[in-house]
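Working notes, beginning with the structure itself.
Just so it is clear: chains get the letters A, B, ... in the order the sequence lines come, proteins before strands, and each one is counted from 1.
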Number of protein chains: 2
Amino acid sequence: MSRTDSATEDPRRARSREAMVGAAMRLLASAGPGAVTPARVAAEAGVHRATAYRLWPDADKLLAEVMAETELPFLRDPVTPVRAWLRGCLRELADDLATPLSRSTTTTLMQTALHDARVATRRDALTDTLRARIDAAQNVAVAEGELVDRQDPDHLVAMLVGPLLYRTTLEAATVDDTLIDHLIDRAFPSPSTTGHKR
Amino acid sequence: MSRTDSATEDPRRARSREAMVGAAMRLLASAGPGAVTPARVAAEAGVHRATAYRLWPDADKLLAEVMAETELPFLRDPVTPVRAWLRGCLRELADDLATPLSRSTTTTLMQTALHDARVATRRDALTDTLRARIDAAQNVAVAEGELVDRQDPDHLVAMLVGPLLYRTTLEAATVDDTLIDHLIDRAFPSPSTTGHKR
DNA sequence: GATTTCTGCGACAGGTTGACGCACAAACCT
DNA sequence: AGGTTTGTGCGTCAACCTGTCGCAGAAATC
């Protein structure tokens, strides 16, 4: 073949793609997934409409790519004491979920995954990651003696992250530190904290 | 005015409206909110396209009306013992949330409420109802001596319903009875159940 | 039975969607 | 540097979808 065997991307193509993905994220955050259409994204990105069809020939893969780009830099590398580390991580996660962009991506992910197998795969990958990280933290806590008995990771992640999701996504509210403390006390009962809290 | 001063609705109009709302719910459940468009709903309902515009002149109010019709017949009238009653209610709620229609309406509600004030009002009304009911149950439990200290209703509803939402809507999974038991044990600590459970 | 009201139907302009060919600029390769 | 490849901007195009309208016929009301 001619030259670049897909080792590196043409800078012009990269620029356009980058600009359009950014524009798509802005539009998603400000006007919802219905606004993420080739025409609007191209206009927002300052790019010609035809370019959108050239980079994403199959229309709505654009939205899928946007959501595939969102990573979750949370709950990585558990550190002792696990409880304090977890408190910080949940704090960050809750703050991120309260972001307009995060709210939009989360609800869009849940929504479109219901009828789009590709997005469903992405959603499952994200929840799997989250569950695995929580479970890893739990294992560290048990090894360090901070936690007496392991729990079903499915239950644990639901009890820890579920309330954050409820507050931010359904109630459109914020999460205060007290709730996070409660969550950890309840879902992550320590040998010392037996009864109800302070 | 001529005859019916809006006391009763013309049966033909009622039939059309009913058929279209049903069709809209079916479409919402099977193909997402993007499919709930006047043309598709009319076709699904076996009604002419123009009729859609006659009944809902302002286009997308149809979807709003569909979501406004969804009631939540859960957690009403707390009964003692509150813990057992609550277990049953959360079981019903979790089963309902796992329904395709409920999944779609829930995610659509969260999604569109972000950029539609009318739907946001509806969402707030629903969460307010849920919170009030949980709080009422809590008060009954305290009065009956099943619960020692009241909690912030915001926290309580998040800790009880959040995990169900996480499991059904984000993980697209079901909720087993063990999780519900854990939730109640943790979020609704009884005087007898002090430490960790059985 | 007379009148009002709703629906089905076809038609209409307006806008949007993808696709195309072309010219030009940018990046690559030697 | 010069030649070549590659991507973009631009205008155009048919096809589709949207929202609106007037009209005729059926259904409901009085």
Separation of [N] [atom2] from [X] [atom1] (nearest whole Å):
X	N	atom1	atom2	value
B:Arg12	D:dA28	CZ	P	6 Å
A:Arg49	D:dC10	CZ	P	12 Å
B:Asp10	D:dC30	CG	P	10 Å
A:Leu55	D:dG7	CG	P	9 Å
B:Arg15	D:dA28	CZ	C1'	9 Å
B:Arg54	C:dG10	CZ	C1'	12 Å
B:Glu18	C:dT7	CD	P	13 Å
A:His48	D:dG9	NE2	C1'	6 Å

_Among D:dG7, D:dA27, C:dG10, the nucleotide that comes nearest once only the side chain of A:Arg13 is considered_ = D:dG7
*Of all heavy-atom pairs between A:Pro78 and A:Val140, which one has the smallest distance, and what is that distance?*
CG-CG2, 3.9 Å
Is any side-chain N or O of [X] closer than 4.0 Å to OP1 or OP2 of [N]?
X	N	value
B:Thr37	D:dT18	yes
A:Thr51	D:dG7	no
A:Tyr53	C:dA19	no
A:Ser16	D:dT8	yes

*Taking only Lys NZ, Arg NE, NH1 and NH2, and the carboxylate oxygens of Asp or Glu, determine whether A:Asp154 and B:Arg167 approach each other closer than 4.0 Å.*
yes
*Per the side-chain hydrogen bond (donor to acceptor under 3.5 Å, both in side chains) rule, which among B:Asp96, B:Thr107, B:Thr168, B:Thr169 passes with B:Ser102?*
B:Asp96
*asked:* So, applying side-chain hydrogen bond (donor to acceptor under 3.5 Å, both in side chains) with A:Asp135, which one of A:Arg131, A:Arg133, A:Gln138 is it?
replied: A:Gln138
*5' precedence on DNA chain D between B:Pro11 and B:Pro57 (nearest-nucleotide basis)*: B:Pro57
_Using 0.5 Å steps for rounding, measure from the CZ atom of B:Arg103 to the OG1 atom of B:Thr105._
11.0 Å
*asked:* Taking any heavy-atom pair under 4.0 Å as a contact, classify A:Ala50: base, sugar-phosphate, or nothing.
replied: base
